[in-house]
Every structure is written in C-alpha cells, then in structure tokens.
Protein chains: 2
Amino acid sequence: MITLDYRDKRPIYEQIVDKLSELMVKGVLKQDSPMPSVRSLAAELSINPNTVQRSYIELERMGYIYSVRGKGSFVADISGIKNSRSKETERAVEELVKEAKLVGISEEELILIIRQKYEEEEGRRD
Amino acid sequence: MITLDYRDKRPIYEQIVDKLSELMVKGVLKQDSPMPSVRSLAAELSINPNTVQRSYIELERMGYIYSVRGKGSFVADISGIKNSRSKETERAVEELVKEAKLVGISEEELILIIRQKYEEEEGRRD
DNA sequence: TAACTGTATTAGTTATCTTAGTACAGTTAG
DNA sequence: CTAACTGTACTAAGATAACTAATACAGTTA
C-alpha cells in the first residue's frame, strides 16, 4: 500500500499520515472504503502497531478517516479537506514568492519555471 | 538585530540561521562586516551562548560567514550561495506544483496566484 | 593587563519518537 | 458461542535531538 523512506528524516508516523492522505486526495482510497487495520499495516511495514495507531489518530483528528471500534477505520468525506489544502497551498505560494524575490527570481522567470514543472509533471503516474 | 518567534516550532538555532542568512542575502549585512559576537547576540536574545554558537557553526559550514579567533565573525562573500539558493527554490517549485496538481489547482490558476502574490509583495519593505 | 573575541568539552534536562507488552471492548465469521 | 479479528488505552523503556549550563583555553585589542 505504501512504503517507508528511511532516508527521510521525518518521523515514521508523519510519513504514513502524508502518504495515506495523499492516496485519499488522489482518490485511490475512496470514501467509506476500509483502511488497512492498525496491526496489518504495522506488520506490512515491519513497524510497531503503536506507530501506525498514532498515524491513524492523527488522520482522524485531521478528518481524513473515521474509526469504528471492532469494525475498523474508514475513509471519510474529504471534500472539505481538499479545499483547506488548497488554501494552504496558496499560503505556500506566498512563501515561495518571497524567497524567489529574495534570491532575485523575477515574476516572469518564476512563471516560466512553473510552466516547465507542470509539463514535467504532466505525464507522471507516481 | 533579529527577534525570535517562540510560536515557531523549529529549533532556535535554525531560526537564527535563517534570519541572519536572510539579512545577508538582502544586503543588510554586507560582506566583511562584523557579525554580533556569540555572547552579545545570546544576551540580546536571552538565550544560551552555545545556541548562538551552534547557529554560527552552521552559518560558517554553509559559507555565509567566516570566523577569526579573537577577532570575531564576519560576513563572507555570498554571491555563490545566492545561486545555490536559486536552484533550491526551483526544486521547491517542483514540490509546489505537485501539491497544486494534487488539490486540483490548474497551471493557469497557479500562475494567477503567483502574479497576485508578486503584486502583494511589491510594495513590501519587511 | 583587562576585556573583549571564537572555540571546545562535559554534563544534565527536556521533549519527541519508537518499540514493547498487556489489556479491554466491540464486531463478525464459522 | 467462540475464535479471530477490529479499535483503544496504558505503562515502560530506550534512543535521539535540542537546549542549557558551567568551565576552560586561545587569540586580539585598547
């Protein structure tokens, strides 16, 4: 389902949160479909169940999943989250523009880079 | 000279590195001009001198400053660093484009936002 | 010489991350 | 009903990173 990157310095539980939420945003994991159980995902990734549980608690707090005792965890309706993630991205653009101006990248140069990256990303399957 | 943001979750030494390097890139701190001494900056920020020293070690490692025993630390020639920071920014654009596509922001929408942010940043003095 | 500079070392605290083991509560297939 | 699965909760322990603290040494300068 996902793989861990041990070169990544971020905590494991955070990587799991990011990768799973990405799968949900992409629509690979659809609304109300079951998430892997805490124990099975832990076994698959060869990590402690507590670490996965921590990721699930975080995902539930953020609204990506809902959990039912005895039944399992399921993908929530994330349409609202997509919007807030959009706004977050706009804020990230602000930081990027600030840094670009700082290092002397002009508006037109930045836009050129954007177009280029979009092309590169075009055919990508991930 | 700089102020710390205690709501910022990043380590203090990293904040110092970022803020001081920004001042150098902006040209506020010019080449060969003296940096505040480890002890004086620590006093000014009410933190331990070792924390400031760690920032200075990092700044020296990155090439922003050079230190002379007994004399002090000084701003280095950072023209080369500006270039590498530019390349770093291009890499950041890649991440941004990836996230933008994920949350459904089109190329033209993103460019529109960029133009808008550039306008907002235009008159800014920081 | 006194008062600055950077540098080095050691130690202790605090917080975060991860693992481990155990236990309880609810669901479900056989 | 029961075995095997779910989520949830708790405590403990080890590792690591960030920060503080105290102290000392080395070089510069008014």
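Naming: A, B, ... by sequence-line order, numbering from 1 per chain.
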Quiz item: Among all residues two or more places apart in sequence or in another chain, which pass the side-chain hydrogen bond (donor to acceptor under 3.5 Å, both in side chains) test with A:E90?
Solution: none

Quiz prompt | Residues touching DNA chain C, which here means a heavy atom under 4.0 Å, drawn from residues 34-47 of chain A | solution = A:R39, A:I47

Exercise. Compare side-chain N and O positions of A:T51 against OP1 and OP2 of C:dT18 and report whether any pair is under 4.0 Å apart.
Key: no

Quiz prompt | Stretch residues 52-69 of chain B: residues that reach within less than 4.0 Å of DNA chain D through a heavy atom | solution = B:R54, B:R69

Quiz prompt | Short N-O contact, B:E95 and B:R91, less than 4.0 angstrom | solution = no

Can you pull every protein N or O that's under 3.5 Å from an N or O on nucleotides 11-13 of chain C?
none

Quiz prompt | Positional range of nucleotides in DNA chain D within the contact set of chain A, heavy-atom, under 4.0 Å | solution = D:dT6 to D:dC10

Quiz item: In which ranges does DNA chain D form stems of 3 or more consecutive Watson-Crick or G-U pairs, distances under 3.5 Å?
Solution: C:1-30 with D:1-30

Quiz item: Between A:E108 and B:R115, is there a salt bridge with N-O shorter than 4.0 Å?
Solution: yes

Self-check item: Verdict with supporting geometry, B:L23 and B:M1, side-chain contact (heavy atoms from CB on, under 4.5 Å)
Solution: CA-CA 9 Å; B:L23 287 181; B:M1 167 147 279; 4.3 Å; yes

Practice problem: Tell me which nucleotide among C:dC17, C:dT28, C:dG6 gets nearest to the side chain of A:K71. | Solution: C:dT28

Quiz item: At their closest point, which heavy atom of B:S21 faces which heavy atom of B:L59, and how far apart are they?
Solution: CB-CD2, 4.2 Å

